[in-house]
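Here's the structure, in structure tokens; my notes come after.
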Amino acid sequence: MDGIFDRAHANHLIRYDVTAATESWRASGSFVSNPVVGNGVVYVLDAAANQLQARDLATGLVLWTWAPDAFDSLPVGNLVLTSNLIFVSTSVKTYAIDLASHLPVWSASRAGALALSSNKMLYVVSNTRVDAFNLAPH
């Protein structure tokens, strides 16, 4: 991938109140994804810790984390959030992490940029291919 998130570097995750023109909180890390927000939680990839972080939207405090196996690492990539899962792609696999248990409930041996369609197809796009996974119950 080419872009701003290609290389991990020290940076900050900031919640800013536009109306009050003030910073609500700031977290230091090496954040390599755009954050996604749902139900009062902000999710982001931190390359320094090699983990997905779930942070309280109001305070910025870490609520829980998930990390891949030691042989694997989180790449520069995007996150896809649903009402009960967050999809994350590592260097070798794509995982669905359950928001309640914080454990992987599904995985595929493909890695890349993620997109979820309205008909429950998960697309994993790498430099050389596109894989589609039907997530609808059979």
Side-chain angles (χ1 to χ4, degrees):
M1 286 192 233
D2 293 326
I4 190 169
F5 298 118
D6 285 355
R7 291 177 282 303
H9 59 279
N11 55 30
H12 302 279
L13 181 64
I14 302 167
R15 181 171 185 197
Y16 188 79
D17 183 332
V18 176
T19 305
T22 60
E23 190 175 290
S24 301
W25 54 261
R26 174 185 295 247
S28 297
S30 186
F31 302 109
V32 292
S33 69
N34 284 322
V36 294
V37 178
N39 294 322
V41 179
V42 59
Y43 302 90
V44 67
L45 298 176
D46 185 351
N50 193 43
Q51 62 186 204
L52 166 70
Q53 295 180 350
R55 293 176 170 268
D56 182 80
L57 183 59
T59 65
L61 296 176
V62 175
L63 300 172
W64 59 270
T65 63
W66 175 83
D69 295 331
F71 68 89
D72 200 356
S73 62
L74 293 173
V76 172
N78 65 309
L79 302 169
V80 172
L81 181 65
T82 71
S83 61
N84 64 324
L85 300 170
I86 187 160
F87 291 88
V88 58
S89 186
T90 69
S91 58
V92 296
K93 280 183 152 181
T94 295
Y95 293 91
I97 310 300
D98 183 84
L99 299 180
S101 70
H102 316 147
L103 297 172
V105 294
W106 176 89
S107 68
S109 295
R110 296 286 180 243
L114 306 175
L116 185 62
S117 72
S118 62
N119 62 345
K120 299 182 180 170
M121 292 293 292
L122 177 70
Y123 296 94
V124 181
V125 182
S126 71
N127 289 335
T128 58
R129 62 188 285 163
V130 175
D131 291 286
F133 299 94
N134 186 353
L135 303 177
H138 300 337

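- Checking Ser73 against Asn50 by side-chain atom types alone, no donor-acceptor pair falls below 3.5 Å.
- For the pair Asp98 (side chain) and Leu103 (backbone), a donor-acceptor distance under 3.5 Å is absent.
- Taken together through direct or relayed side-chain contacts under 4.5 Å among Ile, Leu, Val, Met, Phe, Trp and Tyr, Val41 and Trp66 form part of one hydrophobic cluster.
- Rounded to the nearest 0.5 Å, atoms CG (Asn78) and CG (Leu114) are 5.0 Å apart.
- Distance CH2/Trp25 to CG/Asp56: 8.5 Å, rounded to 0.5 Å.
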Checklist line | Candidate pair Gln51 and Asp46, rule side chain to side chain donor-acceptor pair (under 3.5 Å), full reasoning | finding: CA-CA 6 Å; Gln51 62 186 204; Asp46 185 351; over 6 Å; no
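- Looking only at distances, a side-chain donor or acceptor of Thr90 sits under 3.5 Å from a matching main-chain atom of Val92.
- At least one donor-acceptor pair under 3.5 Å links the side chain of Thr94 to the backbone N or O of Arg110.
- Asn84 places no side-chain N or O within donor-acceptor distance of the main-chain N or O of Leu99, the cut-off being under 3.5 Å.
- Nearest approach of Ser89 to Gly112, heavy atoms of both residues: OG-N, 2.8 Å.
- Residues Ile97 and Val36 share a hydrophobic cluster, clusters being chains of Ile/Leu/Val/Met/Phe/Trp/Tyr side chains in contact below 4.5 Å.
- Ring centers of Trp64 and His102: under 6.0 Å apart, within the cut-off.
- Under the 30°/60° scheme for interplanar angles, the aromatic rings of Phe133 and Trp106 are found to stand perpendicular.
- Looking at Asp17 and Arg15, no side-chain N of the basic residue comes within less than 4.0 Å of a carboxylate O on the acidic one, giving no salt bridge.
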